[in-house]
There are 2 protein chains.
Amino acid sequence: MKSGTITIKDISKALGLSVSTVSKALRGSHEISAETQSLVKEYAGRINYKPNPIAQGLRKGKSKSIAVIVPNIDNNFFSQVINGIESIAHKKDYNVIITQTHESYEREVLTTQHHFSRSVDGLIVSISAESENVDHFEEVQNKGLPVVFFDRVPDKIKTHKVIANNLQGAFEATQHLIQQGHRHIAHITSSDFLSITAERLEGYIRALEVNGLPVEDQYIKYCAHGGMIKEETYDALHELLALKNKPDAILTASDRLSTTTLSILTQLKMNVPGEIALVGFTNTISADIFNPPFSAVVQPAFEIGKTATELLVQLIESKRPISNFEKRVLNTELIIRKSS
Amino acid sequence: MKSGTITIKDISKALGLSVSTVSKALRGSHEISAETQSLVKEYAGRINYKPNPIAQGLRKGKSKSIAVIVPNIDNNFFSQVINGIESIAHKKDYNVIITQTHESYEREVLTTQHHFSRSVDGLIVSISAESENVDHFEEVQNKGLPVVFFDRVPDKIKTHKVIANNLQGAFEATQHLIQQGHRHIAHITSSDFLSITAERLEGYIRALEVNGLPVEDQYIKYCAHGGMIKEETYDALHELLALKNKPDAILTASDRLSTTTLSILTQLKMNVPGEIALVGFTNTISADIFNPPFSAVVQPAFEIGKTATELLVQLIESKRPISNFEKRVLNTELIIRKSS
DNA sequence: AAAATCTTCGAAAACGTTGTCGTAAAACTA
DNA sequence: TAGTTTTACGACAACGTTTTCGAAGATTTT
């Protein structure tokens, strides 16, 4: 690791200057004469000197990097958010490192602490489906690490949050199903304590109510692992199809749940939307080549990532502590295809 | 950042011991008496002390973390590889951080240098479609940072490599298309200098030759950005369909190219496989709900990730320099569905 | 009882950087 | 010319660890 690394010390030796002089010259300090500065800079450039950011971080407590913690990356919603994050972060000269929790509470705690102690400058987080407890985030936040949440956000923690208008999205999708003539609409969703679950459920319920339809518990199925475990979705769907009053439509609440549900229905050789219609929250770029083409509630994922990053950088670079936090809500878009 | 952080110094003050004693006690050194050790450990546990890995890294030149550099994460092949990487890395107590290059040479260089100087212990890389030049990897490797390549590997650099049996995979897929009666088989692939491109092309050509079919340049289309830019694929496809002898089948060489091609054919309302059959390299988990269900050459992505990580850890933890490097080749699987 | 050996700990250096402070020489002021 | 300010640089401490070395006290060996 160390063999070829070039440090300030090498430059100082070669040029017969002190390390502090070299450091200051490199940073363009006014204490150093123009000649010395250009001498140092020229030489540093020539031998391809790169400052060691971890030493800088140690010294300054800043590292110009931000970490993203998401449940999974194999999910177009999250990967699009990450692209949004990178678009802003790179522009502002921050590096972005990504870690996934696989919906595991334990991994989330570990990775949070890891990022904290490797001193990233901030965290952008969407909470794992298993994480009922969010103390680990509160802890690092109290120690001065800025955190911004998106999508799955905790009520408890005071900070910036960026979400899609989940209520509206679920409302419109349900409304659409009702307009198509469906009366028994089921909802397959994630862990009941996640913010997105509550918000989307609320939209679903309101649409039913507005249309004078009953809200039936038997039509609402929670998947504790957010669809990570296929059996979970399979069981939920199976229970729905075993009901006396089988649902004639389903609203699925997440990317993974949507594709898994369609996949199972296809396996069961069920006619979509003939026997059962399907609308789901999903940002998959392949929705139009699904069979049938998938009606989707699409979240402004890229925008969410951009917004979260702007807010985070604001927190990081603010001189004095910020206390009035905002919750940005971005609108979803309902794209109707053939599955409904 | 620093406010709440607990350091060895805090412990040493509280217990009236020197920092060196505390450090050694924490690491279980035999120089420290059992009582002192348990005293220190108990106290450290109680106040929730966490060693600062970046300081450890500075001191020891090791950080117990490895970085993964891939073109994109919104791609089931790469996300599955990453899952394989994490499965081994976490077991061996390494943290995994992920960065994407978006097929950009420039970003690849930047992120490589960034990881090097934040002193990760090793790199697992699949090269960007733009990167004809791989000097940046050679450079960090010469400075002592172990690198393992997978999937898109450079010929030039001597190190461990893990790839799918691309030749065999392409051969079987082409063979299958021929058996289905197709005689004009096109091949849409990535940048011509990528290893996977050459290997898959070779398999395609051999299958044609074995069956006494001509190899025609007009049927072979390269996409310099690996399908990242949709127009690229669109143009390639358009040119193929404008030929006098339109192809009656296509073999696509990557995840993104496969879905994009199907998507465009769907837009063009072409009958797949009636007018044109399709087989492609892809690890998408949604292949069975595509319209039509997609015939896929599936790579053992998870296994590739696992293998690459085992080899990397071996490089990292080896006492003396390793010079006999291996290239592991893992078999693909052809899953025939309805698109061919 | 003196000498040798352990045992247990602390002082200090090191990793690569930055920032504070001190200081010699040069430039100005009176 | 003496005094004051400015310029341009170097010494040193600090960030949080680990490790080498030395040394005091305890224990064992002769």
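First the proteins, then the strands, lettered A, B, ... as listed; each starts at 1.
- If you check every strand for non-hydrogen atoms under 4.0 Å, A:Pro51 touches sugar and phosphate atoms only.
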- prompt: Which parts of nucleotides 7-14 of chain C does protein reach within less than 4.0 Å, heavy atoms only, written one letter per nucleotide 5' to 3' as B for base, S for sugar-phosphate only and - for none?
  reply: -BBBBBBB
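- If you take CZ of A:Phe116 and P of D:dG16, they are 11 Å apart, rounded to a whole angstrom.
- No more than 12 heavy atoms of other residues, nucleotides or ligands sit less than 6.0 Å from atom CG of B:Asp155.
- Side-chain contact of A:Ser12 with A:Ser18: a donor-acceptor pair under 3.5 Å is absent, judged by distance alone.
- Residue A:Tyr49 places at least one side-chain N or O under 4.0 Å from the OP1 or OP2 atom of C:dT17.
- Atom P of nucleotide D:dT19 and atom CD1 of B:Ile8 are separated by 11 Å, given to the nearest angstrom.
- Between the CG atom of A:Leu26 and the P atom of D:dC9 there is a distance of 14 Å, given to the nearest Å.
- Between the side chain of B:Ser131 and the backbone N or O of B:Asn133, no donor-acceptor pair lies under 3.5 Å.
- In summary, the side chains of B:Arg328 and B:His160 do not present any donor paired with an acceptor at a separation below 3.5 Å, with no hydrogens or angles considered.
- To the nearest angstrom, C1' of D:dC15 lies 14 Å from CD of B:Gln56.
- For the contact set between residues 40-48 of chain A and DNA chain D, defined by any heavy atom under 4.0 Å, there are no members.
- Between the CD1 atom of B:Ile11 and the C1' atom of D:dG16 there is a distance of 12 Å, given to the nearest Å.
- Distance NZ (A:Lys13) to C1' (C:dG16): 12 Å, rounded to an integer number of Å.
- Nearest nucleotide to the side chain of B:Ala55, out of C:dG16, D:dT19, D:dG16: D:dG16.
- The NZ-C1' distance, from B:Lys62 to D:dT19, rounds to 17 Å in whole Å.
- Distances shown here put a side-chain N or O of A:Arg27 below 4.0 Å from the OP1 or OP2 atom of C:dG19.
- Aromatic ring centres of A:Tyr49 and A:Tyr43: separated by at least 6.0 Å.
- Distance A:Asp10 CG to C:dC15 P: 11 Å, rounded to the nearest Å.
- Using cut-offs of 30° and 60° for the angle between ring planes, the B:Phe77 and B:Phe150 rings count as tilted.
- In this structure, A:Lys64 forms a cation-pi arrangement with A:Tyr94, its terminal cationic atom sitting closer than 6.0 Å to the ring centre and no more than 45° off the ring axis.
- Counted by atom type alone, B:Thr101 and B:Ser104 present zero donor-acceptor pairs between their side chains at under 3.5 Å.
- A search for salt bridge (charged side-chain N to carboxylate O under 4.0 Å, His left out) contacts involving B:Glu106 returns nothing, not counting sequence neighbours.
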